[in-house]
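Quick notes on the structure that follows.
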Amino acid sequence: MLNTLFRPRSIAVMGASNNTFSIGNRVVKNLLAHEFKGRIYPINLKEPEILGLRAYPSILDVPEPVDIGMIAVKSTLVPQMVEDCGKKGVKFVIIHTAGFREMGGEGAKLEDQLLENAKKYGVRVYGPNCQGIMNSDPEVSVYANFTFTPMRPGRASILAQSGGVAELLNLNLRKMGSGFRMYASQGNASDVSTNELLDFMGNDPETRTIIMHIESMKDTPEFIECCRRIGRDKALLAIRTGRTTAAAKAVSSHTGSMMQEDSLTDTIFEHAGVMRFDTTEEMISAAYAFASQPVPAGPNVAIVANAGGPGIMAIDECVGNGLKLAKLSEETKARLRAGLIPEAYVENPIDVAATARAEHFALTLSCLEDDPGVDSILITMVTPPFVDCEAVGRAIAETAAKLTKPLVCVVMTNENWASTVETIKGAGIPVFDFPEAGSRVVAAMARYAEIRKHLAEQPAGAPGNKAKAQKILAGAPGEFISQTAAFDVLSGYEIPVARTVKLSGERLPRGLKYPVVLKVDSEAVVHKSDVGGVALNLARPAALKKVHAEMAAHFPGADFVVQEQCAQGTEIIVGLKREPGVGAVIMFGMGGIHVEAMKDVSFRMAPLSQEGAARMIRGIRSLPLLQGFRGIPPADIAAIQRLLISVSQMAVDLPEIVEMDLNPVIVYPEGQGLKVVDVRIRKQQQAQQIQAQSV
Ligand code: ADP
Ligand code: MG
């Protein structure tokens, strides 16, 4: 439990100093400047007084109990300081000092040593190589951190491994006019983990949203579980550096840990319900809104403008980011027509006209609040010099206090109307300079409303003969199981497959009719058709015999399978991959050149919900090809959805499957199902089994 870390009653600062340009000085100053509600004990061997406070030569000389020991001494002295803290009964040490695991070699050894000392006494370690924590709760008001941006209470909490990024987030949140609730920059996170911090912030009732910066993920399944729990009532926003290979390399040297591939991160965040942002600015803007505004019920936005052009820019940006323009009710339109000036335009976007006064804005907001077709409101306004804009600002602020729907404002003005902007911001309404920025924030809020729904979805189950599948897998000799065995596993999960039988002798196995397909079945052959290992449309026994003889000569000692020749349809691909340390990821895409050339695939983590599977199908760019196009009838999308759910069930039931490719699956027109014609299953080797069990 991290309660003491964020609500300490007393803090000792080891390395406290009167030298202005030292961390030990800055830390004490910050605690004093923010009026920490507990006691502060500077520790310094020589100085009797630091910044007006009585100092002690050792923490062991402090006459009262100490909750937190902040350590800013040189790295080689840190293990001893931790030992002293242990003897004193300190609960947490915050180690600012750098030069540990991030440096490798000696640094890593030093880190192990300090951790060992901490463990001996049950002291929890925060850091090392970290900035610290803050809690703006006025009851505590603790700024246990060496950084410089002042603390202003707010309802967004900040969690960022890197001190520089944490500062960037705080700084800009502040510039926008907001503040934060809790702040944690954990550096090496050698003991107190990111997941623990996240969980703690998630349990804080005053935190409405959490802004995260993640460099490397540890305990991903736990992270996902934690996020899914928190995400039901708090929006989780993340920016993740290391999108390019060059950046990924820099990250690993920064924190000494590896990171996942970028697309895998997207998949993890999607499953965890975390909203990922491309830029810090967009993330901070959204956080600013989440911290004060309610979550919209849906995607329908109403735009209110007093100048036409910016309102239209807002439409583009809103719709482009997934919002819908709310359809105003007849009642709303009638009320607006009666109350607004004659030049006003009462369709969405509502143009109240440049001469609109305070009462017109107030009326418009009230009407939109009452209109059930409106989920969120975006005002884009200029400050016409011929209107009492101060009064407009007050009217917006006062009416907003009665709204149950989120309101975001864009005020396009200059410093002469600074107080108008302040009036609006003062009511907790996020204000932005650009119509695009405001629109994207509303879109982000609607996206979170969607995520909340997704998090409530139940994993879908599918029938499957688990015992039979396990037996087949266990019985298979190599790493890749034979095609007939793989098709048997699929059949056990009621997945429609092309009838496939091992060829023995020259006669067609029973139950198969011409035309047939002959394929080589060998662990060594991955892409059969590339090397002449697939012969389609063999219409007669003579053809089968001839091709078989040729292939047998080409692949000496290999097995062969005969398969029913399936009718043509749309080819798709479905894959399953167990990512080490993460979990099972399911892939879906169009078959053939689409997947290879266009990388047009979507990924989701298992287990899938019905809705999740449907979204996965909708997630590819070539979706129109499945929906029917120029004479091609719509494909059986429901059958694809059932297939994805069955694969998800296999992922849950059969951890011994490390990788599976159904490539291709031939999909027929609506109502006519699909058939898997090629499957490749890789199963776990002994060593991997152990790894999977720990995931
Ligand atoms: P590989 O992927 O190893 O090259 P496949 O078994 O996928 O081999 O066969 C290659 C292609 O042949 C498939 O993508 C599909 O278009 C076609 N094909 C394979 N089996 C059948 C079948 N039973 N009926 C119809 N077409 C098939
Ligand atoms: Mg294939």
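In listed order, ligands and their atoms are each counted from 1.
- At a cut-off of 3.5 Å, with distance as the only test, a side-chain donor of Gln563 or Lys519 sits close to an acceptor on the other residue.
- Of the charged side-chain nitrogens involved, none lies within less than 4.0 Å of a carboxylate oxygen, so that Asp661 and Lys577 do not count as a salt-bridged pair.
- In this structure, atom 24 (N) of ligand 1 lies nearest to the protein heavy atom Cys566 N, 2.9 Å.
- Residues Tyr448 and Met275 meet the side-chain proximity criterion, which asks for heavy atoms closer than 4.5 Å.
- Under the 6.0 Å distance and 45° angle rule, Arg680 counts as a cation-pi partner of Phe480.
- Taking a cut-off of under 4.0 Å to the non-hydrogen atoms of Val534, the atoms of ligand 1 that pass are 8 (O), 9 (O).
- Taking every non-hydrogen atom of Val517 and a distance limit under 4.0 Å, the qualifying atoms of ligand 1 come out as 22 (C), 23 (N).
- Using a 4.5 Å heavy-atom threshold, the side chains of Val585 and Arg578 count as separate.
- Close contacts between ligand 1 and Pro664 involve ligand atoms 7 (O), 13 (C), 14 (O), 15 (C) [criterion: under 4.0 Å to a heavy atom].
- Using modelled atom types, one finds a donor on one side chain and an acceptor on the other under 3.5 Å when comparing Gln186 with Thr194.
- For atom 11 (C) of ligand 1, the nearest protein heavy atom is 4.0 Å or more away.
- Ion pairing of Arg440 with Glu436 is absent here, as no side-chain N (NZ or NE/NH1/NH2) approaches a carboxylate O to less than 4.0 Å.
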| message | Set out, in order, the CA-CA distance, both residues' side-chain angles and the distance that settles salt bridge (charged side-chain N to carboxylate O under 4.0 Å, His left out) for Lys453 and Glu450, then state yes or no. | response | CA-CA 5 Å; Lys453 282 189 207 145; Glu450 261 309 288; 3.6 Å; yes
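- In this structure the side chain of Met587 reaches within 4.5 angstrom of the side chain of Ile573, judged on heavy atoms.
- Under 3.5 Å, the side chains of Ser609 and Glu457 contain a donor-acceptor pair of N or O atoms.
- Using a cut-off of 2.8 Å, one finds that Asn663 contributes an N/O/S atom close to the Mg ion (ligand 2).
- For ligand 1 and Gln563, the ligand atoms under 4.0 Å from any heavy atom of the residue are 20 (N), 21 (C), 22 (C), 23 (N).
- Of the protein's non-hydrogen atoms, Leu536 CD2, 3.9 Å is the one closest to atom 17 (C) of ligand 1.
- Between Asp530 and ligand 1, no pair of N/O atoms sits closer than 3.5 Å.
- Counting heavy atoms from C-beta on, the side chains of Leu608 and Pro459 never come closer than 4.5 Å.
- Selection from Gln565, Glu564, His527, Lys519 by nearest heavy atom to atom 23 (N) of ligand 1 gives Glu564.
- Ranking protein heavy atoms by distance to atom 15 (C) of ligand 1, first place goes to Glu571 OE2, 3.4 Å.
- In the vicinity of Asn663, heavy-atom distances shorter than 4.0 Å reach the ligand 1 atoms 7 (O).
- Protein heavy atom in closest approach to atom 4 (O) of ligand 1: Ser529 OG, 2.5 Å.
- In terms of protein heavy-atom proximity, atom 7 (O) of ligand 1 is closest to Asp678 OD2, 3.0 Å.
- Ligand 1 has Val526 within reach: a non-hydrogen atom of the residue lies less than 4.0 Å from it.
- Regarding atom 3 (O) of ligand 1, its nearest protein heavy-atom neighbour is Lys528 N, 2.8 Å.
- With respect to the Mg ion (ligand 2), Asp678 has OD2 as its nearest N, O or S atom.
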